[in-house]
Amino acid sequence: MVEDILQNFNIKAFESDLLTWYHENKRMLPWRESRDPYRIWVSEIMLQQTKVDTVIPYFKRFMEKYPTVYSLAEAPEEEVLKEWEGLGYYSRARNLHTAVQEVVENYGGTIPDEKKELGSLKGVGPYTQGAILSIAFNQPEPAVDGNVMRVFSRLLLINDDIARPRTKKHFETVVREVISKEDPSSFNQAIMDLGATICTPKSPACLVCPVLEHCRAFEVGAQAELPVKSKAKKQKPIFYAALKVKNADGNYLIEKRPETGLLANMYQFPMVPLSEVALIDIPKWFKKEYGVDVMLGKRDGDLKHVFSHLIWDIEIYEAETDAIEVADNRLRLASPDEMKKLPFPVSHLRIRGF
DNA sequence: AAGACGGGGTG
DNA sequence: CACCCAGTCTT
């Protein structure tokens with residue numbers, strides 16, 4: 001029970017030590033320059049599963065291009081995906097795009113400060129909901145991510161497996177009890193900063209921790225063993241040949257991926273599944289699949305690309321075609337300059353080479 | 001509850 | 001190469 005866990009935990013002293021440290025040491029980040037809920041929202045979506053240093057340049061470009069919910073709502077999806085190119089988890093961008101359109105349609109362009117309404121927006125789950133409510137609207141709502149679970153698992157010596165959904169629920173209950181009612185915005189951001197700079201996953205800097213005297217893990221020397229997290233399963237490799245098919249005009253054959261699933265709506269060079277097709281049969285397979293005649297050229301290296309759940313093992317080939325137009329609606333012929341305006345996943349940016 | 005869904009950083 | 005990470009959606 002939460003009451004038992006918080007026995008002998010000095011909530012007020014903890015809050016005071018944490019917030020004092022935060023006000024003197026908080027990181028200056030682009031999304032902390034105002035409390036504009038839209039900027040907080042965009043930052044929180046970008047920060048899902050992504051490091052601060054990676055996000056900063058994307059956030060700046062994104063806010064310059066789409067300063068308001070209206071500008072983002074009116075943008076073409078392909079353009080939004082282009083802004084997201086390289087960040088990964090592209091459904092975040094597509095969901096955010098859909099969600100700002102919901103805000104414009106249903107809330108007159110004002111981001112709702114009510115929990116249920118906010119949480120109903122596409123891509124806004126329990127964490128983001130709590131982050132926006134606390135950071136932008138100063139409501140005492142927990143915003144529990146892996147970072148927060150790490151900090152509190154150590155502070156309160158909790159050894160539940162943080163990979164389990166019920167454990168996250170548990171931490172939400174704990175944070176709801178502990179969170180500052182005076183300044184929930186600073187409280188949640190302080191925990192995040194603490195987790196990012198001091199209470200780090202490996203070799204935490206306990207000796208300079210502002211809340212060291214509240215930490216039960218440090219008291220018993222268990223900080224390195226927490227949090228407990230079950231291992232992810234190993235990824236399965238999939239073997240492909242990626243074809244850089246060029247015609248006499250110097251245009252390349254590129255393909256738009258399906259609107260659902262992996263890398264939805266992103267562009268790529270056509271990929272031949274080598275588990276089903278022998279190298280010698282590629283032209284025949286390509287004709288049957290896409291209706292385009294190609295001549296396989298020379299090998300142009302290889303690429304291994306690791307995703308969370310699978311690995312692409314790709315042989316890259318140059319190829320030629322006489323085609324100057326294509327019928328298959330997945331395909332199009334594009335010049336290098338045209339390709340640069342379209343969203344490609346990192347793997348195919350590498351294959352492209354420019 | 002488990003799997004799908006990207007990419008970069010670290011030791 | 002193994003492991004880590006500012007989650008959400010679907011099944």
Side-chain angles (χ1 to χ4, degrees), chain A residues 27 29-32 40-59 81 84-96 98-99 118-132 134-135 142-152 161-169 171-172 175 188-197 199-204 224 226-238 257-266 268 303-312 343-350:
Chain A
R27 295 174 290 175
L29 301 170
W31 47 89
R32 286 182 176 171
I40 305 296
W41 182 13
V42 171
S43 74
E44 290 300 339
I45 299 297
M46 287 187 170
L47 287 163
Q48 289 168 10
Q49 308 287 293
T50 312
K51 300 269 195 298
V52 163
D53 289 342
T54 304
V55 166
I56 287 174
Y58 282 89
F59 178 80
L81 283 174
W84 213 269
E85 181 182 79
L87 258 189
Y89 284 133
Y90 299 95
S91 65
R92 291 182 296 172
R94 299 189 300 118
N95 288 340
L96 175 61
T98 302
L118 195 57
S120 75
L121 296 172
K122 191 84 85 181
V124 179
Y127 166 76
T128 307
Q129 180 188 59
I132 296 172
S134 61
I135 296 173
V144 174
D145 58 5
N147 205 342
V148 172
M149 286 195 280
R150 181 175 64 254
V151 171
F152 278 101
D161 181 359
I162 66 168
R164 298 167 68 87
R166 58 163 52 158
T167 302
K168 189 175 163 190
K169 295 269 192 193
F171 278 104
E172 283 168 354
V175 172
N188 277 346
Q189 294 183 83
I191 296 293
M192 294 173 196
D193 275 20
L194 190 66
T197 64
C199 197
T200 49
K202 279 171 287 189
S203 50
L226 293 170
V228 173
K229 187 179 184 181
S230 54
K231 296 187 204 313
K233 297 205 317 185
K234 217 168 68 178
Q235 304 98 323
K236 280 193 172 27
I238 309 179
R257 295 179 58 87
E259 59 187 345
T260 57
L262 182 64
L263 302 169
N265 287 348
M266 302 288 282
Q268 66 175 25
L303 178 72
K304 194 185 286 284
H305 194 82
V306 180
F307 298 88
S308 314
H309 58 303
L310 54 88
I311 298 174
W312 277 357
F344 282 67
V346 167
S347 51
H348 283 260
L349 288 174
R350 297 204 210 287

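Proteins come first, then strands; the chains are lettered A, B, ... in the order of their sequence lines, and each starts at number 1.
Judged by distance alone, the side chains of A/R92 and A/Q49 never bring a donor and an acceptor atom under 3.5 Å apart. At a cut-off of 3.5 Å, with distance as the only test, a side-chain donor of A/Y127 or A/E44 sits close to an acceptor on the other residue.
To the nearest 0.5 Å, atoms CG (A/L121) and OG1 (A/T128) are separated by 10.5 Å. Expressed to the nearest 0.5 Å, how far CE of A/M266 lies from CG of A/L81 amounts to 6.0 Å.
No side-chain donor-acceptor contact under 3.5 Å links A/S120 to the backbone of A/L118.
Under the 30°/60° scheme for interplanar angles, the aromatic rings of A/W31 and A/F59 are found to stand perpendicular.
Remark on DNA chain B: of its neighbouring residues A/R166 and A/V346, the 5'-side contact belongs to A/R166, judged by nearest-heavy-atom nucleotide. Toward the 5' end of DNA chain B, the nearer of the two residues A/K233 and A/L263, judged by each one's closest nucleotide, is A/K233.
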Once each nucleotide of nucleotides 4-11 of chain C is scored for protein heavy atoms under 4.0 Å, what B/S/- sequence comes out, 5' to 3'?
SBBBSS--

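Along DNA chain B, the stretch of nucleotides lying under 4.0 Å from any heavy atom of chain A spans, 5' to 3', B/dA1 to B/dG8.
Look at the P atom in both C/dA6 and B/dA4: the space between them is 23 Å, to the nearest Å. Spacing of P atoms, C/dT11 relative to B/dG6, comes out at 15 Å, to the nearest Å.
Heavy atoms only, all atoms of each residue included: A/Q129 and A/V124 are closest at N-CG1, 3.6 Å.
In this structure A/R94 satisfies the side chain to side chain donor-acceptor pair (under 3.5 Å) test with no other residue, sequence neighbours excluded.
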